Amino acid sequence: MNANLISYVPNLRVLDCTLRDGGLVNDSKFSDDFAKALYQADLKAGVDYMEFGYKCDKKIFSPDRYGKWKFCDEEDIRAIVGDNDTDLKISVMADVGRCDYKKDIIPKADSVIDTIRVATYVNAIPTAIDMVEDAKNKGYEATVNIMAVSKVNGEDLKNSLELLGQSSVDVIYLVDSFGSFYPEQIRRLTDQYMEVADKYGKKVGIHAHNNQQLAFANTIEAMNKGVGATYLDATVNGLGRGAGNCHLEGLLSFLRNPKYKTIPILKFVENYILPLREQGLTWGYDIPYLLTGQLNAHPSFAIKFIKEGRKDYYNFFHELVDDTL
């Protein structure tokens, strides 16, 4: 469905991944009060999906170091949502190689979770597909996020998309892991994803990072007036590792669908996000992230630069150039 800027596209789905992506800022140590307030805000705002965090293997990631949303045990999610007798769907992310999915993902009949989102690199697509089939056989919706696409050659991406198209996956996500893409690149990539999606009856999603302050623009470009990506990821106030993500409050306002309400999210920002900043948590656009985005480098370089209190942007730029050559 084509739309103009003052109409809305009814087939879009908005996924709030604040708890999951934001958990990369504070080791997933959000309080139950924070999670409950976000859940209520998402309900009032008409958000379609809320992602609680990861399904990480406790043999790899210690519960002593990380908060509960690194693992998303069933009882912990139910403590927030009960039986979730609402239209809001619950998702979790499972990283290839970091999740004991055969054991830790229980049958959907016993879980309040609706969707398993598999995150993978192209070299692990076969394992990602096995995780998808496992999730589908257990009764879940399943999506795949192909990470670091900006580092993938065209033939590998083409083959990966074809394999995913032949799988049982419901949604294939275009992910700008390093915040390095510009809108015209997002448009071309979305068209490539859509070609496979249309061929196999899949849907496409977009997950954008804000290194170059383009997460919002790239998300809008990917949806392409309703004929591109229909699953749109965002976080409240852009909360996420490094430069953060597409801002949920901005996206809901832009979409103009009367079912979406921005005010509950603004209230949540006021009551819960601003105190995080006052406590010293940092995220969002900054020059070091701009430089990693421009040079298609991992944001960990910028995170280290900022933690060290450095301001020598000129030297940092040349360090990145040397590292990416």
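Only heavy atoms go into these numbers, but all of them, side chains included; no hydrogens, no water, no symmetry mates. Index from 1, following the sequence. What you are looking at is a predicted structure, and each value in this text was computed from that prediction instead of being measured.
Screening Asp64, Asp73, Asp100 for a salt bridge (charged side-chain N to carboxylate O under 4.0 Å, His left out) with Lys58, the sole residue that qualifies is Asp73. Screening Asp21, Asn218, Thr143, Asp176 for a side-chain hydrogen bond (donor to acceptor under 3.5 Å, both in side chains) involving His207 leaves a single residue, Asp21. Partner of Leu255 under the side chain to side chain contact (heavy atoms under 4.5 Å, CB included) criterion, out of Ile220, Val9, Leu232: Leu232 alone.
Distance check, rounded to the nearest 0.5 Å: OG1 of Thr235 to CZ of Arg20 gives 9.5 Å. Atom CG in Asn296 sits 4.5 Å away from atom NZ in Lys151 (nearest 0.5 Å). Rounding to the nearest 0.5 Å places CD1 of Ile90 at 4.5 Å from CG of Asn84. The distance from atom CG of Asn224 to atom OG1 of Thr230, rounded to the nearest 0.5 Å, is 12.0 Å.
Val175 and Trp283 fall into different hydrophobic clusters, where Ile, Leu, Val, Met, Phe, Trp and Tyr side chains are chained together by heavy-atom contacts under 4.5 Å. One hydrophobic cluster, built from ILVMFWY side chains closer than 4.5 Å, holds both Leu252 and Met223. No path of Ile, Leu, Val, Met, Phe, Trp and Tyr side chains, each step under 4.5 Å between heavy atoms, connects Val171 with Val149, placing them in separate hydrophobic clusters.
With 3.5 Å as the limit, one finds a donor-acceptor pair spanning the side chains of Tyr173 and Arg117. Tyr314 and Glu319 are not linked by any side-chain donor-acceptor pair at a separation below 3.5 angstrom, with hydrogens and angles left out of the test. With 3.5 Å as the limit, one finds a donor-acceptor pair spanning the side chains of Asp156 and Asn153. A donor atom on one side chain and an acceptor atom on the other are not found under 3.5 Å apart for His247 and Asn210. Using a 3.5 Å distance cut-off with no hydrogens or angles, the side chains of Tyr182 and Glu221 do not pair a donor with an acceptor. There is no side-chain donor-acceptor pair under 3.5 Å between Asp33 and Ser31.
The environment of NZ in Lys29 is crowded: more than 12 heavy-atom neighbours from other residues, nucleotides or ligands sit within 6.0 Å. Around CZ of Arg78, the count of heavy atoms belonging to other residues, nucleotides or ligands within 6.0 Å exceeds 12. Enclosure of atom NZ in Lys304 is not indicated, since only 12 or fewer non-hydrogen atoms of other residues, nucleotides or ligands lie within 6.0 angstrom. Heavy-atom contacts from other residues, nucleotides or ligands closer than 6.0 Å to CG of Asp87 number 12 or fewer.
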Side chains of residues 190-199: which donor-acceptor pairs under 3.5 Å do they make with residues two or more places apart or in other chains?
residue	atom	partner	partner atom	Å
Thr190	OG1	Ile186	O	2.7
Lys199	NZ	Glu162	OE2	3.1

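Residue pairs meeting the ring pair (Phe, Tyr, Trp, His ring centres under 6.0 Å) criterion with at least one partner in residues 64-115, sequence neighbours excluded, are Phe52-Trp69, Phe61-Tyr66.
Using a distance-only test at 3.5 Å, with no hydrogens or angles considered, a donor-acceptor pair links the side chain of Asp57 to the main chain of Lys59. A distance-only check finds no donor-acceptor pair linking the side chain of Lys70 to the backbone of Asp27 [under 3.5 Å]. In this structure, Lys89 contributes its side chain and Thr86 its backbone to no donor-acceptor pair below 3.5 Å.
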Exercise. Between His209 and Phe178, is a ring pair (Phe, Tyr, Trp, His ring centres under 6.0 Å) present by the stated rule, with each step listed?
Worked result: CA-CA 7 Å; His209 289 142; Phe178 300 160; 8.8 Å; no
